Amino acid sequence: MSESGRFQLGTIGALSLSVVSSVSIVICNKALISTLGFHFATTLTSWHLLVTFCSLHVALWMKLFEHKPFDARAVMGFGILNGISIGLLNLSLGFNSVGFYQMTKLAIIPCTVLLETLFFRKIFSKTIQFSLTILLLGVGIATVTDLQLNALGSILSLLAVITTCVAQIMTNTIQKRFKVSSTQLLYQSCPYQALTLFIIGPFLDGLLTNQNVFAFKYTPQVLVFIVLSCLISVSVNFSTFLVIGKTSPVTYQVLGHLKTCLVLAFGYILLRDPFSWRNILGILIALVGMILYSYFCSVESQQKASESPAQLSQAKESESDPLISIENGSGIVNDGVVPKAPAWNSDKDLRA
């Protein structure tokens with residue numbers, strides 16, 4: 001198999017792993033939070049990152065990847081920013097209605113496009129913008145139910161969107177700038193993310209739930225689901241960094257909305273959650289937007305590949321990171337909270 005073929009196969013695997021693991025952790029955490037009453041989402045995320053770091057440390061000991069130190073300040077800043085963005089997303093969910101929180105998540109794509117246009121001079125064609133608009137419209141129809149506004153919640157949502165966008169852009173740029181793999185970046189940034197959330201997690205969870213995470217009654221069943229959630233999170237975190245590194249933050253958000261649609265569909269089919277024709281219509285429109293996004297990006301990649309080297313060097317960078325794109329004549333899959341563990345609440349789990 002050629003190198004491009006192996007790259008394509010590996011990226012398809014990363015996309016599949018990201019979707020399967022993300023949907024699985026939502027299902028696991030739904031049982032943990034809704035059924036067993038463990039509502040400490042931020043603290044749980046700190047445990048996720050700690051287990052991820054320990055797993056990667058074992059992998060390093062087994063020589064499954066090579067440790068490559070680079071700018072320590074960049075890693076520390078990146079890790080702390082990721083931790084803060086997760087905390088802000090959880091606060092946004094806690095201080096806003098479900099509908100407004102979903103609007104916050106939808107705002108991440110246009111905010112990312114704006115930041116990359118302003119600071120990286122990246123050009124998004126009208127066809128790409130059109131497909132993203134269709135996608136956001138569909139997800140909005142499927143998930144946004146109400147838009148209750150309040151000053152504090154709006155400020156928290158704005159901060160959550162900005163920090164999340166910057167963190168995801170940094171995930172992509174750091175890997176390319178320092179020539180490190182997704183595994184190497186995740187391994188070095190995990191301790192800072194985990195420490196940040198471990199410090200602020202109990203405080204945030206106490207603020208949102210009026211409960212103490214350390215006083216919670218940890219039954220054997222609760223412990224089993226916590227361990228299972230942490231193990232699944234290793235795949236979630238790894239696949240997230242891998243996908244963002246290979247593609248772009250915008251395409252990762254597109255994939256994220258696909259996962260949201262899958263979670264909604266799963267909840268309806270297997271769990272018999274409330275579902276309406278509005279949900280079905282929204283999911284269908286979102287799928288059309290995803291297909292158009294991938295198609296237009298593939299077309300742009302083919303056009304760039306067919307240009308002469310001289311023309312290519314003068315052309316402005318355009319968004320060409322579809323779920324499946326073509327580069328240099330060979331098929332390449334492109335897409336990749338920061339690992340973001342969803343912030344679940346007792347009545348919001350499958351909506352977050």
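One is the number of the first residue; the rest follow in order along the sequence. These figures come from a predicted structure and were not determined experimentally.
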> Going by atom types only, do T104 and S157 share a side-chain donor-acceptor pair under 3.5 Å?
Replying inline: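 Yes, side-chain donor-acceptor contact under 3.5 Å.
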> Are side-chain N/O atoms of Q175 and Q184 paired as donor and acceptor at under 3.5 Å?
Replying inline: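 On atom types as modelled, these side chains do not qualify, holding no pair under 3.5 Å.
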> Are F40 and L50 connected in the hydrophobic side-chain network, where two residues link if heavy atoms are under 4.5 Å apart?
Replying inline: no
Main-chain N/O of [Y] paired with [X] side-chain donor or acceptor, under 3.5 Å:
X	Y	answer
D205	T42	yes
T171	A167	yes
S239	V236	yes
S34	A31	no
R278	A142	no
T35	L32	no

Given side chains that start at C-beta, do those of [X] and [Y] come closer than 4.5 Å, heavy atoms only?
X	Y	result
L185	F78	yes
L197	T43	no
L44	N29	yes
L135	Y293	no
P110	L132	no
P202	N212	no
I169	E116	yes
L64	V58	no

>> To the nearest 0.5 Å, what is the distance between CZ on R177 and CZ on F70?
In response: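 R177 CZ to F70 CZ: 10.0 Å, rounded to 0.5 Å.
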> Got a second to check how far M103's CE is from S92's OG, nearest 0.5 Å?
Replying inline: 12.0 Å
>> Counting neighbours of CZ on F203 that are heavy atoms of other residues, nucleotides or ligands and sit closer than 6.0 Å, is the number greater than 12?
In response: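 Check fails, neighbour count at 12 or below.
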> Where do S21 and I232 come nearest, in terms of heavy atoms and distance?
Replying inline: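 Taking every non-hydrogen atom into account, O-CG2, 3.4 Å.
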>> Testing the basics here: between S229 and H48, what is the closest heavy-atom pair and its distance to 0.1 Å?
In response: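 Smallest interatomic distance, heavy atoms only, reads OG-NE2, 2.7 Å.
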> Do any pairs count as a side chain to side chain donor-acceptor pair (under 3.5 Å) and have a residue in residues 50-79, sequence neighbours left out, and if so which ones?
Replying inline: T52-N237, H57-Y187
>> As a test of understanding, state which of I155, L156, L158 forms a side chain to side chain contact (heavy atoms under 4.5 Å, CB included) with L88.
In response: L156
> Given the rule in the side chain to side chain contact (heavy atoms under 4.5 Å, CB included) test, do F95 and L208 qualify, once you have shown the distances and angles that lead to the verdict?
Replying inline: CA-CA 8 Å; F95 283 90; L208 296 174; 3.7 Å; yes
>> Walk me through whether S125 and E300 qualify under side chain to side chain donor-acceptor pair (under 3.5 Å).
In response: CA-CA 9 Å; S125 67; E300 290 186 13; 2.3 Å; yes
Acceptor/donor pairs from residues 214-227 side chains to any protein atom, 3.5 angstrom cut, sequence neighbours excluded:
| residue | atom | partner | partner atom | Å |
| --- | --- | --- | --- | --- |
| Y218 | OH | V213 | O | 2.6 |
| T219 | OG1 | V222 | N | 3.3 |

